[in-house]
Every structure is written in C-alpha cells, then in structure tokens.
Amino acid sequence: MKRRTLLALAASTMFLAACGQSTTNEADTSATDSAATGGSDLLQRINNGGTINVGTEGTYPPFTYHDESGKLTGYDVEVTRAVADKLGVDVEFKETQWDAMLAGLDSKRFDMVANQVSLTTPERKAKYDKAMAYSWSGAVVLAPTDDNRYSSWEGLKGLRTAQSLSSNYGELAERYGAEIVPVDGMAQAIQLVKQDRADFTMNDNLAVLDYLKKFPDSDLEIKLTAPASEQTGSGLVLIKGDDEVVAKLDEAMAELAAEGTLTKLSEQFFGADISQQK
C-alpha cells in the first residue's frame with residue numbers, strides 16, 4: 001500500500017511538471033508570435049482601440065494644469081487628447097512630478113510623456129524617441145513696444161538686459177555684447193524693463209507668450225526671435241523601440257497640423273501659433 005501511494009505521488013508530480021512545461025512553452029510561443037508580428041503591447045492597444053497611459057505634471061500651466069473646475073487641461077493635455085481621438089483610443093493621464101517623469105516612463109508606469117520634454121542630450125536621444133513636435137521654443141527678446149532699436153541680434157551690443165546670472169539667456173545676451181543687469185527671475189526682469197532700468201530681457205518664447213497673453217496691456221512685445229536652427233521642438237516622448245507607434249503618432253500629429261487643430265489650440269493657450277518652427 002505504501003509503495004502504491006508513493007508511485008501515485010510520483011506519477012502526479014510528473015504530470016504537474018509536464019503541465020507546467022507545456023504552459024511555459026505556450027507562453028514562450030505566444031511571446032515569439034507577438035514579436036514576429038511586430039506587435040508590442042502598446043501597438044496592440046492602439047490597433048485595438050484600447051487605452052494609452054500618458055504621464056504629465058498637471059501643475060505646469062499653460063501646458064498641463066487643472067482649471068477652476070478641477071479638470072486637467074493645458075496645451076500638452078489637449079494636444080494629446082486630439083491625438084488619441086485620431087488614433088481611436090482612450091487616454092488616461094497619470095500625474096507625476098517632473099523629476100519622476102522619465103523614471104515613470106522607464107518603469108512602464110505610463111506609455112508616453114506629454115510635458116514639454118525635449119530630447120536635447122545624447123543620453124536622452126539614445127534611450128527615448130520623440131514623435132513629431134507639437135511646440136517649438138527658443139530665445140526671444142522682450143522690450144517696450146515703442147523701442148525700435150531691435151533690427152538684429154547684433155544690435156543688442158551695448159544695451160542693458162535684465163537677466164538671471166545663472167540662466168542660458170544671460171550667457172546668450174553677453175555673447176551678443178549686452179550689459180547684464182542681474183535679477184532673480186523673469187517677473188523682476190520685466191519690472192526693470194517697464195521701469196526703464198533695463199532696455200530688454202531675454203527668455204523662452206513660450207514663457208514670454210504666456211506672459212503677454214495674461215497681460216496684453218503691458219506695452220511690451222517680442223522684438224527678436226531665435227532662428228529656426230536654434231529652436232527646440234517638444235513632442236510626445238516614449239521608450240525607444242516602438243517605431244510603428246511613433247509612426248502612428250506622427251501621422252496623427254501631421255493630420256492635426258494640416259487641419260489647423262494645433263494652430264487653434266496654440267492660439268487658445270498662448271495667443272500665437274507655437275506649433276510650427278519659425
């Protein structure tokens with residue numbers, strides 16, 4: 001009796017092991033078939049009208065923030081929603097701090113990021129892909145509307161500019177021979193220009209447009225814009241390797257640009273078209 005019991009247990013163990021091996025082989029075969037068809041999980045969800053998960057801050061107006069009703073909105077958010085509509089998928093935003101944005105992408109907490117991310121370093125370019133840019137930014141010169149001395153960047157030589165000493169814009173202004181008037185930030189810089197304690201200030205195009213939209217009666221305007229070759233484009237960013245997904249995102253973004261949706265959203269949030277390189 002004892003021997004029969006042991007034989008039965010041994011047979012049962014062999015049967016379970018065989019079942020486990022069969023399950024593993026089937027899973028491996030399924031994974032191989034998926035890879036052979038070029039279908040990542042994200043691509044399959046897009047093809048099947050599923051849900052894409054997008055990381056964003058939710059605290060960075062006018063790109064991504066909550067309006068007075070508590071709804072998540074902003075330029076980056078609404079562009080992403082428009083892309084999702086084109087793809088025929090739902091979108092779920094996952095809010096996270098800026099410092100954790102790419103880490104969340106690495107850990108697959110979300111599929112892509114919509115938060116003004118630009119791949120400017122070799123390390124980022126090697127690790128991530130960026131879909132077609134939906135916003136472009138670069139240095140601009142902000143000065144009083146009635147000041148007509150700004151015909152060229154070379155003309156900045158000898159003029160006073162209110163800049164943070166640690167900013168790239170301060171370095172750029174010095175490169176063109178401008179005299180730096182130190183400030184703590186953009187708000188103080190604008191005040192000095194309005195008080196005629198500085199001739200101009202230099203900052204990012206998007207930040208300046210946001211200011212001008214909020215304060216249209218400031219009597220200040222953009223006088224110079226960085227050439228297209230020096231502008232930086234931001235787009236949806238995802239882990240490198242999903243080329244078919246990037247192609248689908250690019251196609252959707254190109255359609256939104258052609259039909260004027262990106263221009264319309266740009267003007268809604270910035271009062272100007274930031275979707276095109278100028």
Side-chain angles (χ1 to χ4, degrees), residues 57 59-65 73-76 78-79 98 115-118 120 133-235 262-278:
E57 277 183 279
T59 56
Y60 183 31
F63 304 103
T64 164
Y65 65 99
T73 187
Y75 180 64
D76 289 43
E78 299 307 332
V79 167
W98 168 255
N115 208 98
Q116 286 299 297
V117 179
S118 56
T120 55
Y134 55 78
S135 69
W136 291 90
S137 64
V140 296
V141 168
L142 183 69
T145 304
D146 58 2
D147 189 342
N148 299 315
R149 291 178 291 176
Y150 302 91
S151 58
S152 69
W153 287 86
E154 288 70 24
L156 300 179
K157 186 175 182 179
L159 298 181
R160 301 166 299 164
T161 181
Q163 303 292 160
S164 170
L165 292 176
S166 61
S167 75
N168 294 334
Y169 303 107
E171 295 177 4
L172 183 60
E174 285 186 317
R175 199 185 313 160
Y176 283 106
E179 175 189 339
I180 303 297
V181 179
V183 294
D184 293 327
M186 181 175 169
Q188 185 184 7
I190 289 174
Q191 283 302 113
L192 292 189
V193 173
K194 295 178 74 171
Q195 294 167 1
D196 197 29
R197 294 164 61 189
D199 298 308
F200 70 93
T201 186
M202 191 184 300
N203 213 303
D204 179 78
N205 178 50
L206 303 184
V208 172
L209 286 173
D210 182 44
Y211 168 80
L212 292 175
K213 187 174 186 296
K214 292 176 179 176
F215 303 99
D217 300 323
S218 64
D219 294 326
L220 299 176
E221 68 179 19
I222 294 175
K223 297 293 185 177
L224 295 171
T225 301
S229 60
E230 296 180 10
Q231 294 177 22
T232 302
S234 296
L262 294 185
T263 297
K264 181 179 178 180
L265 289 173
S266 292
E267 292 174 346
Q268 175 185 338
F269 289 99
F270 292 93
D273 188 2
I274 67 167
S275 68
Q276 300 181 46
Q277 194 174 20
K278 298 179 180 179

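Proximity of a side-chain donor or acceptor of Thr161 to a complementary backbone N or O of Phe200 within less than 3.5 Å is detected. One N or O on the side chain of Asp76 and one on the backbone of Gln116 form a donor-acceptor pair closer than 3.5 Å.
Remark: Gln231 engages no residue in a side-chain hydrogen bond (donor to acceptor under 3.5 Å, both in side chains) (not counting sequence neighbours). Partners of Asn115 according to the side-chain hydrogen bond (donor to acceptor under 3.5 Å, both in side chains) rule, which considers only residues two or more places apart in sequence or in another chain, are Thr56, Glu57. Checked against side-chain hydrogen bond (donor to acceptor under 3.5 Å, both in side chains), Thr232 has no partners two or more places apart in sequence or in another chain. In this view, Ser118 satisfies the side-chain hydrogen bond (donor to acceptor under 3.5 Å, both in side chains) rule with no residue, not counting sequence neighbours. With sequence neighbours excluded, the residues that form a side-chain contact (heavy atoms from CB on, under 4.5 Å) with Gln268 are Leu265. The side-chain contact (heavy atoms from CB on, under 4.5 Å) test applied to Ser167 returns Gln163, Ser164, Tyr169, not counting sequence neighbours. By the side-chain contact (heavy atoms from CB on, under 4.5 Å) test, Pro144 is found to be paired with Asp146, Asp147, Val193, Leu220, residues two or more places apart in sequence or in another chain being considered. With sequence neighbours left out, the ring pair (Phe, Tyr, Trp, His ring centres under 6.0 Å) criterion links Tyr134 to Tyr75.
Thr263 is listed as a side-chain neighbour of Gln276, based on a closest heavy-atom distance under 4.5 Å. Residues Trp98 and Thr59 form no side-chain contact, since every pair of their non-hydrogen atoms from C-beta on lies 4.5 Å or further apart. Looking at Ile222 and Leu209, their side chains come closer than 4.5 Å, going by heavy atoms from C-beta outward. Taking the side chain as every heavy atom from C-beta outward, Leu142 and Asn203 never approach each other to under 4.5 Å. Using a 4.5 Å heavy-atom threshold, the side chains of Ile274 and Trp136 count as separate.
Atom NZ of Lys264 is separated from atom OG of Ser275 by 13.5 Å, given to the nearest 0.5 angstrom. Distance CG/Leu262 to OG/Ser135: 10.0 Å, rounded to 0.5 Å.
Screening residues 154-165 for salt bridge (charged side-chain N to carboxylate O under 4.0 Å, His left out), with sequence neighbours left out, gives Arg160-Asp196, Arg160-Asp199. Listed by first and then second residue, the side chain to side chain donor-acceptor pair (under 3.5 Å) pairs involving residues 212-222 are Asp210-Lys214, Glu221-Lys223 (not counting sequence neighbours).
Counting all heavy atoms, side chain and backbone alike, Tyr150 lies closest to Ala143 at CE1-CB, 3.6 Å. Taking every heavy atom of both residues into account, Ala228 and Gln277 meet most closely at O-NE2, 2.8 Å.
Ring geometry for Phe63 versus Phe270: interplanar angle of 30 to 60°, hence tilted.
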Just distance, no hydrogens or angles: give the donor-acceptor pairs under 3.5 Å from side chains in residues 170-189, sequence neighbours left out.
from	atom 1	to	atom 2	distance (Å)
Gln188	OE1	Asp184	N	2.8

